[in-house]
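A short write-up of the structure that comes next.
Every number for a ligand or one of its atoms is a count from 1 in the order of the listing.
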Amino acid sequence: MQKTFYLTTPIYYPSGNPHIGHCYTTLACDVIARYRRMQGDRVLFLTGTDEHGWKIQQKAKEAGMEPQVYVDQLTDRFRKLWDCMSIQYDRFVRTTDAYHVQTVQSVFQKLYDRGYIYKGEYIGLYCTPCESFWTPKQVVNGKCPDCGREVTDAQEEAYFFQLSTFTEKIGDFLKNGTFLQPKERALELLNNFIRPGLEDLCVSRTGVSWGISVPFDPKHTVYVWADALFNYLSALGYENARFSDWETFWPAQLHLVAKDIMRFHAIVWPALLMALDLPLPKQLAVHGWITVEGKKMSKSVGNVIDPYVLTKLYGVDAVRYHLLRELALGCDYEFSSEVMARRIDSDLSNGLGNLVSRTVAMVEKYFGGTLPVEREIVAADSVLIDAVCALRKKVDAAIDAVHLKEALAEIFAVVAMANQYVDANAPWRLAKQPESRARLATVLYHLLETLRIVSGLLAPFMPNTMPKIWEQIGAAPTEVAYDPLQQWGVLPPAISVKKGAILFPKIETGAKS
Ligand code: ME8
């Protein structure tokens with residue numbers, strides 16, 4: 001039976017242009033989705049936009065537009081960026097889509113009928129950029145504990161979700177399972193939220209008209225987070241007739257988010273699912289932030305880096321590589337155009353690009369483009385061969401753990417090893433000795449095989465460039481499929497190569513954006 005794999009990004013607020021922070025999460029999901037497809041899984045990769053709430057209502061007002069017109073325009077920008085970044089999502093959910101509205105209303109009614117939603121009065125504080133309610137105890141020096149920005153007073157009649165009744169169950173879930181990655185994050189949540197006891201969550205607003213109306217009390221709209229989280233169900237067709245993938249794909253294998261919205265995904269989301277008696281997602285992976293001068297890159301802080309500027313300077317695959325190579329679960333990454341330029345030069349131009357161009361050039365120069373079939377293998381070759389053959393297993397494990405940075409580190413360690421193999425075997429010297437012809441062909445064949453496996457494993461990360469490598473090294477699509485990526489000697493012995501354009505031009509311009 002084909003395995004199914006459902007993975008999701010957060011649905012982003014279309015309240016400004018997407019920046020490289022949004023790109024990172026979506027790229028990371030894209031890599032995992034592509035890798036799983038390569039492994040033969042049936043994948044559903046979901047992304048989308050979170051279009052209701054106070055913040056969007058205000059932004060539309062400032063822009064002098066109807067909210068729907070405003071979000072239509074902004075949502076298009078997200079889709080265009082994903083196309084530009086070669087992101088192959090399977091489904092794009094918008095919370096203003098009729099099927100999503102239907103799911104939210106139906107689920108809200110169910111929660112109310114089951115007694116998990118009750119009417120009360122909200123008195124407390126609100127962080128508009130995060131769309132989060134806080135109690136005076138939770139704010140830090142009068143600021144939002146998630147983003148550090150000003151909070152405002154809020155008081156209104158509201159419906160509440162009985163989150164408090166789930167304190168113990170959520171505590172056990174976080175303590176005992178393998179749900180949350182990295183593990184240390186669970187401790188943080190246990191200390192900050194579970195130990196003091198969860199507070200009921202306000203799930204409706206009366207002062208925000210731009211939202212889904214509460215089915216049993218239409219003067220209320222559903223709080224934007226209670227609306228947004230259900231996108232993970234509505235996009236499969238849960239409680240709507242638009243899709244019929246619910247049985248096949250739920251529970252999700254992976255939700256990927258950054259730490260700013262961990263609490264909603266690690267506490268509120270499982271509690272809502274528990275209240276509905278639905279299976280819980282398998283894994284929540286939480287990554288750090290891209291920062292600028294120590295501050296989270298964000299639209300409202302105004303310190304964003306435009307992905308189009310970067311892709312124009314460096315190319316899409318180099319930007320994909322850079323972001324995936326620097327950011328990790330658990331750590332922030334201070335964006336630096338110098339680090340980016342250096343990384344692209346050292347790993348891509350000097351490392352991989354150089355390995356391809358010199359290998360292909362030598363096959364052309366010494367053998368007219370087609371290797372002879374004679375071989376002379378020496379014992380020392382096994383160091384490279386063993387490392388290359390062990391690579392897929394390491395990358396599999398890293399992808400399973402959402403350690404994409406480590407996956408790339410493993411692959412590029414092999415690229416470095418192959419470049420050392422060239423230097424140690426000095427093909428230019430072998431070429432001068434007619435009796436070393438078989439040895440020379442062997443060294444070059446080993447390099448082509450290394451490139452076949454490395455480029456096959458890199459295809460999910462850099463999907464535009466790897467086919468160019470396959471063309472140059474003469475690899476057929478079946479030879480770079482998943483299975484042969486751990487077999488040695490797959491390219492035909494008399495392989496022909498074809499020199500192509502430089503894959504990653506060296507960066508000569510100032511890398512400032
Ligand atoms: O929170 N570094 O939407 P949002 C890394 N609509 N990742 C970043 C980032 C940065 N500087 N800035 C943004 C919302 N992100 C809600 C989500 S889900 C049911 C609802 C990425 O537009 C990261 O994935 O504020 C973060 O979690 C997400 O964008 C927040 O996007």
Item to complete: Could you walk me through whether Phe133 and Tyr223 pass the side chain to side chain contact (heavy atoms under 4.5 Å, CB included) test, one step at a time?
Response: CA-CA 10 Å; Phe133 292 104; Tyr223 168 48; 3.5 Å; yes

[X] near ligand 1, heavy-atom distance under 4.0 Å?
X      : value
Trp269 : no
Lys259 : no
His19  : yes
Tyr333 : no

Fill in: Closest non-hydrogen atom pair, Ser234 against Asn240
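Nearest heavy atoms, Ser234 then Asn240: O-ND2, 3.0 Å.
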
Response to the item:
Closest heavy-atom pair, Asp50 versus Val224, reported as atoms and distance to 0.1 Å, is OD1-CG2, 3.5 Å

Say whether [X], considering both its backbone and side-chain N or O atoms, lies within less than 3.5 Å of an N or O atom on ligand 1.
X      : value
Asp260 : yes
Ile11  : yes
Ala258 : yes
Asp50  : yes
Gly288 : no
Met297 : yes

Discussion item. Looking at Glu334, I'd like to know if its CD atom is crowded, meaning that more than 12 non-hydrogen atoms belonging to other residues, nucleotides or ligands lie closer than 6.0 Å.
Written reply: yes

Worksheet item: Is the CD atom of Glu62 crowded by more than 12 outside heavy atoms at less than 6.0 Å?
Response: yes

Worksheet entry | Residue pair Leu327 / Ile290, side-chain heavy-atom distance below 4.5 Å |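 The answer is yes; the side chains approach within 4.5 Å.
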
Checking contacts here: is it the side chain or the backbone of [X] that comes within 4.0 Å of ligand 1, counting heavy atoms only? Could be both or neither.
X      : answer
Thr291 : neither
Tyr24  : neither
Tyr232 : side chain

Worksheet item: Does the pair Asp83/Arg79 count as a salt bridge with the N-to-O cut at 4.0 Å?
Response: no

For [atom], what's the nearest protein heavy-atom neighbour? Residue, atom name and distance, please.
atom                    : result
atom 31 (O) of ligand 1 : Tyr12 CD2, 3.5 Å
atom 2 (N) of ligand 1  : Ile290 N, 2.8 Å
atom 14 (C) of ligand 1 : Tyr13 CE1, 3.4 Å
atom 9 (C) of ligand 1  : Gly21 CA, 3.5 Å

Worksheet item: Under 6.0 Å between the ring centres of Tyr232 and Trp269?
Response: yes

Worksheet item: Atom CG of Leu44 and atom OG1 of Thr4: how far apart are they, to the nearest 0.5 Å?
Response: 9.5 Å

Worksheet entry | Mutual orientation of the aromatic rings belonging to His255 and Trp250 [parallel < 30°, tilted 30-60°, perpendicular > 60°] | tilted

Worksheet item: For atom 1 (O) of ligand 1, which candidate among Asp227, Ile261, Val93 holds the nearest heavy atom?
Response: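 Among Asp227, Ile261, Val93, the closest heavy atom to atom 1 (O) of ligand 1 belongs to Ile261.
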
Worksheet item: What do the steps show when you test Asp400 against Arg36 for salt bridge (charged side-chain N to carboxylate O under 4.0 Å, His left out), and what is the final call?
Response: CA-CA 10 Å; Asp400 275 352; Arg36 296 280 172 189; 2.7 Å; yes

